[in-house]
Amino acid sequence: MPASDIVGRARGRVPTGLLLVAPPVALVCWMIIWPIFSAIARTLWLPDPEGGRQLSVATYTFFFTDSYSLNNLAITLWTTGVCAAFLLPICLSIALYLRFADGKLAAYVQGLAIFPMFVPSIILSYALIRVLGPNGTVDLLLNSVGLPKINTPYLTPWGPVIGLVWDNIPITVLILLSGLGAVSDQSIEAARDVGANRRSVFWHIILPRITNSILVAISFTVLGIFSAFTLPYVLGPAAPEMMGPFMQRTFRDLNDPTTAITQAVITFCFCIAFGIFYVRSVAKNRKA
Amino acid sequence: MAVLDIRDVSKTFGSVHAVQRFNLTVADGELVCLLGPSGSGKSTLLRMIGGFETASGGQITIDGEHVTRIPPEKRPTGMVFQSHALWTHMNVFRNLAFGLKLRRLPRDEIRRRVEAVLDQVGLAGYGQRMTHQLSGGQQQRVALARSLVLEPKILLLDEPFASLDQHLRERLREEVRDLQQRLGITTLFVTHGQDEALALADRIVVMRDGRTEQIDPPDMVYRAPATPFVAGFIGSMNLIDGAVQNGAFHHAGFTLAVPVADGPAILAVRPEALDIVQASAAGAAHVHRVTDFGAHAIVDIELGDGVRLKSQVPDARLWKAGMAIDLQPRAFAVYRDDVAIHRADRA
């Protein structure tokens, strides 16, 4: 075949490839990139008294000087951190068990760990209210054996924590399990052969090999939890409240779209900071 | 160094008997090869010695100490795995130093021992390399060095060269043999390659379906296989099913005098021990094909009923396809009920 024909065919593929990726790229630009820039512009380019518009950071100044807004940001960061702190050990334990265990019990545990993925957040919220809420199942059980009621986590900051941890178990377990799949049985056996006990095997062989998976899992859960809405809205306290319900209330109840957009931009900035941290960590690990 | 003693060791997985009442004593400094086809139980046996599988029955002792129920991290054994099993997040030095650090040796001692072993396996100066920067042969040397640096009493090698090409495999097995003899370390080597076993071992254990078929030095296993299975598994062998009647083995017109009782029998003749002569009349067989390898030739022979045999001859030019021939085995064995009942060597 002449070289010119091959080049011609290769050239012919370029527009086809571009056409294939064009719709999703256009959709991302329209639904994500454009709203981001639009939101930033709308919160910085504010109307002035003369009817025109001027560059101003007034909405951001308000957010960072308003104690209520700062409390909401703090409770969001606290919830995210506490959820991550609970999720990692819980899910790592489950993932380790599933990676090294065989048999029926492991299959049941896997089923239970993945189950929350198929439960909508709103159903989960009401289920938790029925179980942990005032006069819920736990209270009834305690009452039946003559014990006092629990201090319900419903409408406290612990309500969203419990719900979000349960809701994020499946994705975290799956990511960690896929990372553990890359740790071969023989590399673990080789470690035991040179004298490593279970703790040393975990610390020196398994953990360094799944660092990327842990970073991915934490990033995914942190991003999801930081911008969560349903569970904090239904299970959380009215004040302070997480950024999701806070934005919704500012937009709908207070009818203040500019402030709501400012809150969204600030939330987005925190999420992108987590994203940059994740990308840098993964890149650093790959280089190493 | 140490003596390994395996007594009546068995292993079952559900209803599968992977190893059945296995017995073996490996002398101090001896290299024994466990040889057998896939599923014969050789790797399972090695893993039981290493502590990675628990024996269902029997006992394993090293220098008189029972180790059957001791976990791998507490056994005085070192294992080299088929896939190298190097820790890719550590460099070569750290791979070797890991076991020594767990034993809390001083830093200088660790450095000295790691460098000495790297030198022994021909990898001096490779300590700071990451494992992915090494070739397959170098990775296998690192795996071997990782075991040797801990100075185990027993070295266990589980098909360590299986993933390497033929040339590298031959070179490494010579190096391993030299190193093993220099260090005088008691070694068990699992392989399904007969050439590897014949080249390396002081003794070969041929295994089949979890049982021992034969335990002997390589020349005995090759020259006097205990069972038809060993005869067929080691080297090239012509196995002819037939019957002995009135002091002669018969099969499709081929007859050979053998001093055994009448009954069914299997005749085993190696190609190099099967001479052929041009037949004056019809002959017992005819030449099917001649393959010239330069230094020698292989003549494919077809018996009257279509059974094919091989004969190794010095000169290919003497033989043509279709030529009627007679067979004259120089050395052979006759088997009945999986036992050799007669051997002959007319060389």
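Heavy atoms only: backbone and side chains are in, while hydrogens, waters and symmetry mates are out. Each chain gets a letter, A, B and so on, in the order its sequence line appears, and its residues count up from 1.
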Worksheet item: On the ring face of B:Phe93, is B:Arg111 found with NZ or CZ under 6.0 Å from the centre and within 45° of the axis?
Response: yes
Item to complete: Enumerate the residue pairs fulfilling salt bridge (charged side-chain N to carboxylate O under 4.0 Å, His left out) with a member in residues 219-229 of chain A, sequence neighbours excluded, ordered by first and then second residue.
Response: none
Practice prompt. With B:Thr191 as reference, evaluate B:Glu159, B:Arg173, B:Lys42, B:Glu196 under the side-chain hydrogen bond (donor to acceptor under 3.5 Å, both in side chains) test and give the passing residue.
Written response: B:Glu196
Worksheet entry | Polar side-chain atom of B:Arg75 near backbone of B:Val67 as donor-acceptor pair, under 3.5 Å | yes
Discussion item. Using only non-hydrogen atoms and a strict under-4.5 angstrom cutoff, which residues of residues 77-115 of chain A touch chain B?
Written reply: none
Worksheet item: Counting only heavy atoms not in B:Arg182, do more than 12 fall under 6.0 Å of its CZ?
Response: yes
Worksheet item: Would you call B:Trp87 and A:Pro208 a side-chain contact if the rule is heavy atoms closer than 4.5 Å?
Response: no
